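Let me begin by presenting the structure, written as structure tokens, before commenting on it.
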Amino acid sequence: MSAEHEGKVSTESFCTAVQNPDRTVRQRALKTFEENFIHGVGSDAESSRIFDETYLHILRCYGDRFESVRILAVSAMDTLLGKLPNNDYYFDCIVPVLAKRIGQAETIEDSEELRLQLLEQLEVLVSKYSDPDGSHGDPLLKVFDSVVDILIKTLRDPYPAAQKKSCEIVMALAAATPSLHYRAEVLVAPTKSILGHRHSANRIAAIETLGVLSLHILSNGDRVSEIIMAVSPLLMDDVPFVRRACGRVGCLMLEKLRDRYSFFHRILPLVLNCLCDETAEVREDIERGWKRAGELYYHENETELSKTALIEKLPIGYPVDRYVRPTIACRAIVQRSLRVVNLVLHEMEEWKENIRLHATKLLRQIVLHAERAFSTLFVEVNPVLAKACMDAEKSIVLEALSVCELMGILLDYETWSQHVLSTFRNILASVGQRRDELTAGLEEITVTESNDGEHQTLERTLYTVVLKVVAFSQNVEERAGVRDFGMEVLQQLDSNVDRLHQHHLSSVLCSIGHLDSENSDSSTSILLLCGIVTVCRFQETYFMVLQETLQKALKHAAPEGKVKIFSAISVAMLSWKVHIQQPKAEQITMLTSFTETLIAPHLVWSAGRSAESIRTMATACFASMAQGVDPDVYMSLLPNYLSVLSGLIDDNCISTRAYTLKSLVRLQALDFESLKLIAFPIMARLDDPSGEVRELAAVCLGRLKLVTVSSEEMSTDQQSVLERWQDILRQILSVMFLHLEHSETKLRSAIFDSLKRLYADNRPMIARLAEDVPMGCSYKKDLQSIITQASSM
């Protein structure tokens with residue numbers, strides 16, 4: 001018998017054995033697989049033959065009901081894979097089985113150790129068929145989706161070793177195929193879930209994996225920012241190696257992230273925090289990576305930086321005994337990314353001591369790198385830094401004093417003095433001078449200022465300070481005198497205060513910081529923004545800037561902050577037609593964009609008290625539009641939102657129902673479908689528990705009017721619509737007459753007025769209805785009375 005025939009007979013007996021009902025027979029066959037079939041195999045052809053003849057039976061054992069058999073089957077396949085040539089055929093056979101066992105939404109494989117073993121097999125396959133640049137056809141692409149689906153599941157595996165192995169496979173996959181960018185984003189969320197794991201090794205693996213994933217996200221900057229924000233809290237982890245992993249991810253992004261220049265201000269805290277870490281090993285490791293990032297930046301900007309290097313000198317008094325001056329490139333990266341200071345200042349005022357301490361340390365690193373470029377930020381930083389110097393925590397005080405010392409050495413005096421003296425004068429003007437002295441000073445500025453550019457700068461500075469004082473005082477009754485005085489000062493600058501807003505308000509809006517934080521209704525940023533909206537209202541010149549600022553604030557604000565913003569918007573909407581004088585077509589465009597962007601997303605129902613409050617105030621904005629916007633402009637906008645407003649008429653909150661009806665009290669004629677959408681919900685509110693809602697519903701019913709054409713031009717379809725509207729109108733009248741006997745005087749009056757309005761708009765129709773009412777009907781007499789009164793008007 002030939003060797004080939006003997007081998008075939010042997011594999012046949014093996015296949016028969018692994019199908020045997022007796023578990024011990026299956027176990028014995030799998031245990032001896034390597035010894036009987038793999039040992040001594042010397043050619044790829046022989047290995048392929050054995051695989052072809054046995055793989056189906058081995059893979060079938062992956063689902064065996066006995067764990068011991070499943071484990072032996074996976075081990076047998078591992079042994080066989082070690083002998084196989086690189087042919088993606090084998091890959092196609094195995095990965096679907098792995099996906100079925102560990103990639104389903106529900107947990108199929110209940111053995112933790114076996115799930116780990118299957119992941120290890122997947123890792124071997126990824127490594128075996130690696131093709132980083134795609135020069136060999138990227139064999140992994142054929143099963144790429146299955147591999148990713150497995151990882152989405154296993155990254156959330158409750159078994160810590162399986163979680164960690166899944167992270168390692170993601171990183172291996174990134175190195176093995178050029179195709180990871182297709183689905184890198186879907187792996188972010190499950191990887192983020194590991195960041196809070198109690199095992200530091202898992203946290204480190206998750207941080208490293210997120211860093212790798214960020215490099216493969218091509219166009220979604222928000223997702224990259226999400227990764228950075230998720231990793232940042234681990235800079236305060238108790239384990240040094242976790243902190244080092246954060247710094248390494250930061251260095252990786254600085255070197256390899258797509259469009260990394262745009263993210264420098266977000267990435268820098270990951271790196272700079274580690275440069276002042278309490279563990280020397282962390283500091284030294286990240287410092288090496290930071291220098292590499294600087295070298296790359298220097299190479300990319302050599303022309304500019306080389307010129308700077310020739311003329312710059314070491315600042316006088318530089319503390320060389322305590323600090324090694326960062327390289328010119330590292331300093332340049334920080335100097336172009338000083339937007340990060342706003343984030344740092346916000347965290348320096350957090351209630352948690354460890355956050356304040358880390359933020360103050362970070363500020364020290366920023367000052368050390370920014371040097372002279374930090375001079376213009378002194379006024380902004382000084383109040384927060386002064387507060388840190390008085391902190392109850394001694395370590396924070398020491399750090400804050402170190403920052404002050406560095407600023408004293410490194411900041412440019414001339415630039416610093418201009419900003420400080422300007423601020424000092426403004427403070428004196430706003431709190432230390434009498435009204436007559438300030439007024440005289442303003443008049444002197446107006447008369448003697450000769451340089452238009454300087455005048456504009458000074459005017460803007462004064463306007464900014466005074467407007468902020470007025471805005472902060474807007475909702476505080478005790479400060480009404482301050483608010484009134486502030487308005488007088490603005491009128492001294494320009495008798496037409498609206499013109500001042502047109503010239504300077506955009507600049508003030510752009511200077512409001514921390515709007516990308518979760519601000520409450522008492523935060524400085526929200527108070528300032530809401531005060532500005534209430535004082536300045538809407539004008540065309542700064543409308544888009546104001547809209548973008550409000551959108552940013554609403555996106556990040558806490559629920560109570562959103563409520564306050566919508567309250568300010570609703571107040572400002574009341575005077576829309578006073579300040580907006582553009583043609584109606586332009587007004588419709590402006591108002592449509594504003595509503596779609598800011599208000600409409602918050603009208604949709606969602607559960608919870610916070611959501612209810614936000615929904616109520618968003619509806620209040622519509623009510624204000626009904627009063628403050630030109631009727632034709634408002635009616636061009638309203639039909640697009642009748643569907644959502646019809647639902648809000650039945651909202652659980654009384655205020656929401658009232659505001660919704662207020663948004664409908666100025667209705668003009670609508671098409672039949674729109675009328676049908678709102679008529680029945682409004683009728684139902686005549687039985688509302690709230691007297692205000694009942695009265696508003698009565699008023700709104702009188703506003704329902706169908707868009708019609710003359711009888712000569714009326715088509716068959718239009719005649720049908722008219723008849724259907726008559727049926728609804730009959731029901732409206734019936735309900736209104738039913739409630740006309742209500743004991744509330746205001747409700748009866750509102751119903752009576754609405755009945756007269758309905759008759760005035762629908763005389764022929766209601767006259768026909770009156771004729772059809774039986775003589776014995778209770779409201780026959782009332783209907784005839786209304787017709788008589790309306791006809792005599």
Side-chain angles (χ1 to χ4, degrees), residues 452 456 459-460 462-464 466-468 470-471 474 483-484 486-512 528-554 565-600 617-641 659 662-669 703:
D452 289 342
Q456 284 293 315
E459 180 182 88
R460 175 164 293 181
L462 289 170
Y463 168 83
T464 302
V466 176
L467 178 63
K468 287 184 177 181
V470 172
Q474 187 61 31
R483 182 172 64 249
D484 294 341
M487 294 305 297
E488 290 178 20
V489 174
L490 290 178
Q491 288 173 346
Q492 288 289 328
L493 289 174
D494 192 324
S495 58
N496 186 339
V497 177
D498 282 347
R499 187 161 56 209
L500 271 179
H501 299 330
Q502 292 169 10
H503 288 164
H504 305 302
L505 185 59
S506 294
S507 173
V508 178
L509 291 170
C510 292
S511 70
I512 301 176
L528 176 58
L529 178 59
C530 292
I532 287 174
V533 173
T534 306
V535 171
C536 303
R537 310 300 172 98
F538 297 108
Q539 291 196 55
E540 192 273 337
T541 52
Y542 53 78
F543 183 80
M544 287 308 300
V545 178
L546 180 57
Q547 177 177 318
E548 291 168 2
T549 307
L550 288 167
Q551 183 180 2
K552 183 179 181 181
L554 282 170
I565 292 170
F566 279 127
S567 178
I569 292 174
S570 65
V571 171
M573 277 292 174
L574 293 173
S575 60
W576 174 278
K577 60 187 175 186
V578 175
H579 297 285
I580 302 289
Q581 303 295 330
Q582 276 61 41
K584 290 181 180 179
E586 292 183 20
Q587 290 190 46
I588 292 170
T589 301
M590 293 166 63
L591 198 59
T592 300
S593 170
F594 188 89
T595 306
E596 288 179 355
T597 305
L598 301 182
I599 301 174
M617 294 314 300
T619 313
C621 295
F622 260 94
S624 296
M625 281 187 223
Q627 299 178 59
V629 176
D630 182 276
D632 293 337
V633 174
Y634 180 63
M635 284 307 300
S636 297
L637 172 80
L638 185 63
N640 298 325
Y641 299 99
Y659 282 133
K662 286 180 179 179
S663 70
L664 301 175
V665 294
R666 299 184 184 276
L667 278 179
Q668 296 179 5
R703 287 284 182 175

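Bear in mind that the values here come from a model prediction, so they are computed numbers and not experimental data. The analysis underlying the following values was restricted to heavy atoms, covering all of them including side chains, and did not include hydrogens, waters or symmetry mates.
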Decide, yes or no, whether a salt bridge links Asp494 with Arg499 under the criterion of side-chain N to carboxylate O below 4.0 Å.
-> yes

What distance separates Leu637 CG from Thr595 OG1, expressed to the nearest 0.5 Å?
-> 4.5 Å

Run the side chain to side chain contact (heavy atoms under 4.5 Å, CB included) check on Lys577 and Val633 step by step: do they pass?
-> CA-CA 10 Å; Lys577 60 187 175 186; Val633 174; over 6 Å; no

Taking all non-hydrogen atoms of both residues, which atom of Ile588 and which atom of Thr592 are closest, and how far apart?
-> O-OG1, 2.6 Å

List the steps and the verdict of side chain to side chain contact (heavy atoms under 4.5 Å, CB included) for Met635 and Arg666.
-> CA-CA 9 Å; Met635 284 307 300; Arg666 299 184 184 276; over 6 Å; no

Of all the heavy-atom pairs spanning Gln587 and Trp576, show the shortest one and how long it is.
-> OE1-NE1, 3.0 Å

Between Tyr659 and Phe622, does the ring centre distance come in under 6.0 Å?
-> no

Below 4.5 Å, heavy atoms only, C-beta onward: do Val533 and Arg537 meet side chain to side chain?
-> no

Kindly determine whether Gln539 and Gln502 satisfy side-chain hydrogen bond (donor to acceptor under 3.5 Å, both in side chains), including the steps that lead there.
-> CA-CA 7 Å; Gln539 291 196 55; Gln502 292 169 10; 2.6 Å; yes

Is any side-chain heavy atom of Met487 less than 4.5 Å from a side-chain heavy atom of Val466?
-> no

Distance (rounded to the nearest 0.5 Å) between Met573 CE and Ser570 OG = 9.5 Å

For the atom pair OG (Ser593) and CE (Met544), what is the distance rounded to the nearest 0.5 Å?
-> 5.0 Å

So Leu467 and Cys536, side chain to side chain contact (heavy atoms under 4.5 Å, CB included) or not? Walk me through it.
-> CA-CA 9 Å; Leu467 178 63; Cys536 303; 3.9 Å; yes

Are any non-hydrogen side-chain atoms of Leu500 and Gln491 less than 4.5 angstrom apart?
-> no

So which heavy atom on Val545 is nearest to which on Cys510, and how close?
-> CG1-SG, 4.1 Å

Identify the two heavy atoms, one from Arg703 and one from Leu667, that lie closest to each other, and give their separation to 0.1 Å.
-> CD-O, 3.8 Å

With ring centroids as reference points, do Tyr463 and His504 lie under 6.0 angstrom apart?
-> yes

From CD (Gln547) to CE (Met590), nearest 0.5 Å | 9.0 Å

Taking the side chain as every heavy atom from C-beta outward, state whether Pro631 and Gln668 have any pair of such atoms under 4.5 Å apart.
-> yes

Of all heavy-atom pairs linking Cys530 and Ala568, the shortest is O-CB, 3.7 Å

Just say parallel, tilted or perpendicular for the rings of Phe543 and Phe594, cut-offs at 30° and 60°.
-> tilted

Begin from the C-alpha positions of Met625 and Ile599 and carry the test side chain to side chain contact (heavy atoms under 4.5 Å, CB included) through to its verdict.
-> CA-CA 12 Å; Met625 281 187 223; Ile599 301 174; 3.4 Å; yes

About how many Å separate CG of Leu598 and CD of Gln551, when rounded to the nearest 0.5 Å?
-> 6.0 Å

Closest approach of Ile565 to Ala553 (non-hydrogen atoms, all atoms of both residues) | CD1-CB, 3.7 Å

Hey, does the side chain of Tyr634 reach the backbone of Ser663 with a donor-acceptor pair shorter than 3.5 angstrom?
-> yes

